[in-house]
Every structure is written in structure tokens, then in C-alpha cells.
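Working notes, structure below.
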Amino acid sequence: MGVIKCLPQVDGDLGWYLTAANVKQSIGRPLKGQQRADIVVLGAGFTGLSAAQRLKELYPNQTIAVVEALDVGQGTSGRNAGFIIDLPHNVDAQENTPEQDAHIRRLNAFAIERLQNWREQFQIDCLWHQAGKYLVAKETANLAGLDAFEASLQKRQDAYQRFKRDALAARLGTDYYQEGIFTPGNILMNPAALVRGIALGLQEHIDFYTRSPIIHIEYGDEIKLHTVGGVLHAKKMVQCTSSFTDVSALTKNTIAPVFTYGSLTDPLPEHLWQKHFHHIQPWGVTSAHPAGTTVRWTPDRRILVRNILEFNPSQHSSEQQRQQAWQQHRASFEARFPFLKQVDFQYTWGGVLAVTMNYQSVFAQPQDNVYVICGCNGVGVAKGTYLGYYMAEMMHGNNSEALEFIRQTSQPTKVPPEPFRSLGAKWRIHKEQQTAGLDI
Ligand SMILES: Cc1cc2nc3c(=O)[nH]c(=O)nc-3n(C[C@H](O)[C@H](O)[C@H](O)COP(=O)(O)OP(=O)(O)OC[C@H]3O[C@@H](n4cnc5c(N)ncnc54)[C@H](O)[C@@H]3O)c2cc1C
């Protein structure tokens, strides 16, 4: 019997969820009484929904259920910065071979197309736009991150433009950054609206149990997932619970839960928009430094700030931690937009990244009828979408080059046991935040 010790909770004011056009539409019902499914997918993020949809296609006559602790869109899939990243790029990851890069690129393109198709099919209003992405640096020391990125783009012959301060300022509406590299393929959106829209579309053929934290799981020929007052009996389970996954030694020593935080403004008042942004297209920037700040200017005229990395095994944030995050967000925001000091953040929230040491994910079958995906690091919108699809393919016995690549590159290295895990993770994060300087 697996007792689940750590459950997700709502960490603050979830800006994307609360401003999503579909927030009032109801998805699923709480899991109460005795329920059955042939296959249960635990976790309704991008990974779980992608797995569930492909399973339904492959097993049209079987009952597929999705169980989610919160409302759909309140989990990390609905709390992230809303970048669907097309390029193989982790700012501080080890370099891939050209073949690996080509595979990741194809898989990201596949995920973007899959999400795009759902967006069209289910008519999801989620501010989806192909804005591309700027990788930016303020500190001279961090220009090295841009140089390394540029070298990888040149090697792969990817399209890009590199801008100095003035040209960048004309595009972003802030002259904060020294330089930036623009790549065109990235998508920006409201992630809570997108993940909710997908679930709303899928619930015609898939059973959704929401606001249903699973508190323990009984493994065996039949899997029993228990909520308070309910049990779901299933023949197979696909666990897509990200950092909350704790099913076996396989995942236990591979994932480090790292908290990060976002803040979002209300739409800028008309006079400020007219004065500073009327000629600026919506954009998204990530930092050339791994601990730097992500910023977005959205199509509905809001500004998002995301930063802070905290090793946080509790996987929950306190009001005090969110207040500290808010203070850092204000400092980052006012440094970039000194002319917007009177604009408040209406929403500040935290969310947990499932980080692995070598950036590879867990994609595994620890038991005959149990399948696990977790550890998508900071690129889970695209990665979770393709891993979910290919997990269903693997369960069905479908082989492909893409699946083989995923299997070979899903070997996360072990993190050291406690207390070394905590000490090592804290030291690494501290060091990175110190060297980021004004890029935070
Ligand atoms: C602030 C922030 C910004 C980010 N920005 C980006 C970005 O711009 N682009 C990007 O690609 N990635 C980004 N990420 C990472 C990305 O959000 C994750 O990689 C992604 O959400 C992983 O998706 P998932 O479906 O695997 O897991 P999740 O989205 O975490 O989904 C797992 C679900 O399982 C549910 N669950 C867990 N335990 C239980 C239980 N016991 N019972 C029932 N349900 C349970 C959770 O409630 C959750 O909804 C960001 C993350 C954060 C925190």
C-alpha cells in the first residue's frame, strides 16, 4: 500500500487560472463511492491529458479515467509562464549531440502541433500566439549564455536575430537588457486556459474526477486509488503527478522539487498602454542566466514576472515565502519598467518544478500495470505533451524511432541521499542566484 505523504495545494492567487476565459466551466466531479476504469491516469496536467487522449484513441472500447487533486488548471501546468518552447535548449544543460537535438526539435514540433490541434478543435480561448522568444542578458558576465546559445543555433542552422540594447528596447518597450537573441518558433499562451480547454474537450469521452486528492494507492492486479470517501478500481495506472510522484525507488532518488514563483498584473490602464506599449507586440523573454527572470507582455496587456528558485521538499509555499517572492518580483519589475511603478501585481503564486540532475525525465514502467512519467524540468508543456502521447504508444506496444529515442534519453541520474540532496541542491541554487546579478 502506498500512502501519499505530500499532496498538491493552491499556492497563492493563481493568475492564469483566475483570468482564464473558461474558469467558470465545470470539469469533472469529486471521486466518491466505488468507481471503476480500465485505465486511470493520475494527474490532469499536460502530461496526463496527453496520455489519456492517446489511450482513448488506442483503446476506444476501454474506460479511461483521469483523477486530479485540484481543479484542472490549478496544478503546475496552469501556473507556469506559458512558453511552449520549440528549440532544444536548457541554459545550463550539458550539450546534446546533433542527432539528439534533431529528435528533440521534432518532438517539440509534434507537441506544439498536438496542442494547436486541440486548441482549434475545442475552440480554446487561451491567448495563443506564435510570439517567438527572446533570450536576454543585462549583465556583461551573462552575455556568455547568449554566445553559447548563438553557437548552438548556428550549428543547427536555426533562424535567429541578435539585437543590441536599442533595437531590443524598440521591440520590448524596456531598455533594461544589454543584448538579446530572438528565435521565432516559441508559442505563448495562458497555460491554465489551455489545459482546462483540453480537459473540457476530452471529458466527452474520458471520465474526469477533479478536486480528488489520492491519499493512498493499493498496488496489485487491480489498482485501488483512494480519496476521502471514494475508491477508483483500475487495471492499469499511468502516474503523471510530476514532483508529487513517489511510487518507487525509481523516482525517489531522481527528482528534486524546486519552487519558483510568478506574479501577474491586471491589464495596463489605457493611458499607460497608449504612452508606453501601443506599438509593442506581445513578447516573452527568458534569461541567459539559469536563475534569471522570465518576463512576458501579454496580448491582454498584462505583465508577468517569474523568478526565484528554492529547493523545497515540502512542495508547499507559505504566505511568508510568497511575500518574499512578491518583493523580489516588484524589484525585478520596477527595474525593467520604472515608468510602471504605480501598477500593482494582482496575482502572486508559487509552483514546483520537478528537476532532475541531467534534465532527463522519468519515463518508466516500475510494475506490470504501473507507468510513470515525471521530471519535465522547466519545459514540461511541450515535453509532457509528447511524453504522455508516447507512454500510451508504449503501453499499446507501438514501436517508433521517437519512442526509442525517448526510452534511451529518459535515464535521470540519481540525486544523493538526504541530507546531501538538500545541502547540494541548496548550495547549487544559491550559487546560481548569486551569479545571476541584475538578470534576476
Ligand atoms: C512558475 C513556473 C513557470 C514555468 N514555466 C514554464 C514554461 O514557461 N514552459 C514550460 O514548458 N514549463 C514551464 N514550467 C514547468 C511546467 O509547468 C511543468 O514542467 C509542467 O507543468 C509539467 O506537467 P505535468 O503534467 O507533468 O505535471 P503537473 O502540471 O504538475 O501536473 C500534475 C498534476 O498531478 C496532480 N496531482 C499530484 N498529486 C496528486 C494526487 N495525489 N492525487 C491527484 N492528483 C495529484 C497535480 O495537482 C497536478 O495537476 C514552469 C513551472 C513553474 C512552477
Side-chain angles (χ1 to χ4, degrees), residues 2-12 14-17 31 40-52 66-86 108 111-112 115 133 186-189 191-192 195 198-199 209-217 225-227 232 238-247 255 257-264 284 286 294 296 304-310 312 315 317 325 348-356 361-363 372-385 387-388 391:
V3 174
I4 299 188
K5 296 178 202 118
C6 187
L7 293 170
Q9 69 176 26
V10 173
D11 288 280
L14 307 179
W16 295 125
Y17 174 83
L31 171 51
V40 59
V41 175
L42 186 53
F46 286 105
T47 309
L49 295 185
S50 187
V66 173
V67 183
E68 167 57 47
L70 306 169
D71 191 11
V72 178
Q74 290 181 321
T76 311
S77 283
R79 299 183 199 184
N80 60 59
F83 290 67
I84 318 181
I85 296 175
D86 60 319
N108 287 344
I112 290 174
L115 294 168
K133 182 172 89 63
N186 179 76
I187 307 293
L188 295 175
M189 43 82 197
V195 77
I198 296 167
Y209 298 99
T210 53
R211 300 173 303 283
S212 303
I214 295 300
I215 51 177
H216 70 255
I217 302 174
L225 290 91
H226 294 255
T227 57
L232 179 73
V238 189
Q239 189 160 355
C240 304
T241 48
S242 188
S243 53
F244 294 92
T245 308
D246 192 10
V247 284
I255 305 290
V258 172
F259 238 74
T260 182
Y261 297 83
S263 284
L264 188 67
T286 58
T294 298
R296 277 184 59 186
L304 167 92
V305 174
R306 184 219 54 84
N307 59 34
I308 303 203
L309 298 170
E310 280 171 2
N312 181 351
Q315 307 204 56
S317 65
T348 295
W349 66 94
V352 64
L353 294 166
V355 172
T356 58
S361 303
V362 174
F363 180 90
V372 177
I373 307 170
C374 64
C376 288
N377 294 280
V379 292
V381 179
K383 192 168 193 183
T385 300
L387 290 182
M391 181 56 88

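Atoms within each ligand, like the ligands themselves, are counted from 1 in listed order. On a predicted model such as this, the values are computed, not experimentally measured, just so you know. Sequential numbering from 1 along the given sequence is applied to the chain's residues.
- The parts of Phe83 lying near ligand 1 are both backbone and side chain, judged by heavy-atom distances below 4.0 Å.
- Those atoms of ligand 1 with a heavy atom of Gly82 less than 4.0 angstrom away are 8 (O).
- At a 4.0 Å heavy-atom cut-off, ligand 1 touches Ser77 through backbone and side chain alike.
- When all heavy atoms of Ile308 and Thr260 are compared, the pair lying nearest together is O-OG1, 2.8 Å.
- Which parts of ligand 1 touch Phe46 is read off a 4.0 Å heavy-atom cut-off, strictly below it: atoms 25 (O).
- The Cys376 neighbourhood of ligand 1 comprises atoms 19 (O), with distances under 4.0 Å to a heavy atom of that residue.
- Among protein heavy atoms, atom 34 (O) of ligand 1 sits closest to Gly43 CA, 3.3 Å.
- Residues Ile217 and His226 have side chains not in contact (no heavy-atom distance under 4.5 Å, counting atoms from C-beta outward).
- Distance from atom 24 (P) of ligand 1 to its nearest protein heavy atom, with residue and atom name: Thr47 OG1, 3.3 Å.
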*asked:* What verdict does the side-chain contact (heavy atoms from CB on, under 4.5 Å) test give for Asn312 and Val258, after you've listed the backbone C-alpha separation in whole Å, the side-chain angles of each residue and the deciding distance to 0.1 Å?
replied: CA-CA 6 Å; Asn312 181 351; Val258 172; over 6 Å; no
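- Contact detail for Cys374 and Ser242: the closest heavy-atom pair is CB-O, 3.4 Å.
- Between Leu42 and ligand 1, a contact under 3.5 Å exists for no N or O pair.
- Residues Asn108 and Ala382 share a closest heavy-atom pair of OD1-CB, 3.8 Å.
- Minimum heavy-atom separation, Leu115 to Ile198: CD2-CD1, 3.7 Å.
- Looking at Asn377 against ligand 1, only its backbone comes within 4.0 Å, counting heavy atoms.
- Relative to atom 1 (C) of ligand 1, the option among Thr241, Ile4, Val41, Thr260 with the closest non-hydrogen atom is Thr260.
- For atom 49 (O) of ligand 1, the closest non-hydrogen atom on the protein side is Glu68 OE1, 2.7 Å.
- In Ile85, neither the side chain nor the backbone holds a heavy atom less than 4.0 Å from any atom of ligand 1.
- For ligand 1, the atoms closer than 4.0 angstrom to any heavy atom of Ala81 are 3 (C), 4 (C), 5 (N), 6 (C), 7 (C), 8 (O).
- Residue Ile112 is tested with Thr385, Val381, Ile85, Asp86 for a side chain to side chain contact (heavy atoms under 4.5 Å, CB included); the sole match is Asp86.
- In terms of polar-atom proximity, defined here as any N/O pair under 3.5 Å, Val352 makes no such contact with ligand 1.
- In terms of N/O distances under 3.5 Å, ligand 1 is not approached by Gly75.
- The closest protein non-hydrogen atom to atom 51 (C) of ligand 1 is Leu353 CD2, 3.3 Å.
- Applying the 4.0 Å criterion to heavy atoms of Gly351 picks out, from ligand 1, the atoms 53 (C).
- Contacts between Thr294 and ligand 1, counted as non-hydrogen atom pairs separated by less than 4.0 Å, are absent for every part of the residue.
- Side-chain contact between Leu7 and Phe244: absent, with no pair of heavy atoms (C-beta onward) separated by less than 4.5 Å.
- Protein heavy atom at the shortest distance from atom 6 (C) of ligand 1 is Asn80 CB, 3.3 Å.
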*May I have the step-by-step check of side-chain contact (heavy atoms from CB on, under 4.5 Å) for Ile373 and Val362, ending in yes or no?*
CA-CA 5 Å; Ile373 307 170; Val362 174; over 6 Å; no
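- Nearest residue to atom 27 (O) of ligand 1 from Ser242, Ser361, Gly45, Ala354 is Ser242 (criterion: closest heavy atom).
- We find that Asp11 and Arg79 are joined by a salt bridge, their nearest charged nitrogen and carboxylate oxygen being less than 4.0 Å apart.
- Scanning the protein for heavy atoms near atom 10 (C) of ligand 1, the closest one is Gly378 O, 3.2 Å.
- Residues Tyr261 and Val305 form no side-chain contact, since every pair of their non-hydrogen atoms from C-beta on lies 4.5 Å or further apart.
- Counting only heavy atoms of the protein, atom 44 (N) of ligand 1 lies nearest to Ala69 N, 3.0 Å.
- At least one side-chain heavy atom of Phe83 sits less than 4.5 Å from a side-chain heavy atom of Lys133.
- Here the protein heavy atom with the shortest distance to atom 22 (C) of ligand 1 is Gly380 CA, 4.2 Å.
- With contacts defined as side-chain heavy-atom distances shorter than 4.5 Å, the pair Leu42/Val238 does not qualify.
- Only the backbone of Cys240 comes within 4.0 Å of ligand 1, judged by heavy-atom distances.
- Proximity to Leu7 (heavy-atom distance under 4.0 Å) selects the following atoms of ligand 1: 41 (N).
- Here's the thing with Ile214: one of its N/O atoms is less than 3.5 angstrom from an N/O atom of ligand 1.
- Contact detail for Ser212 and Val67: the closest heavy-atom pair is O-CG1, 3.5 Å.
- Contact check for Val352 versus Thr76: side-chain heavy atoms found under the 4.5 Å cut-off.
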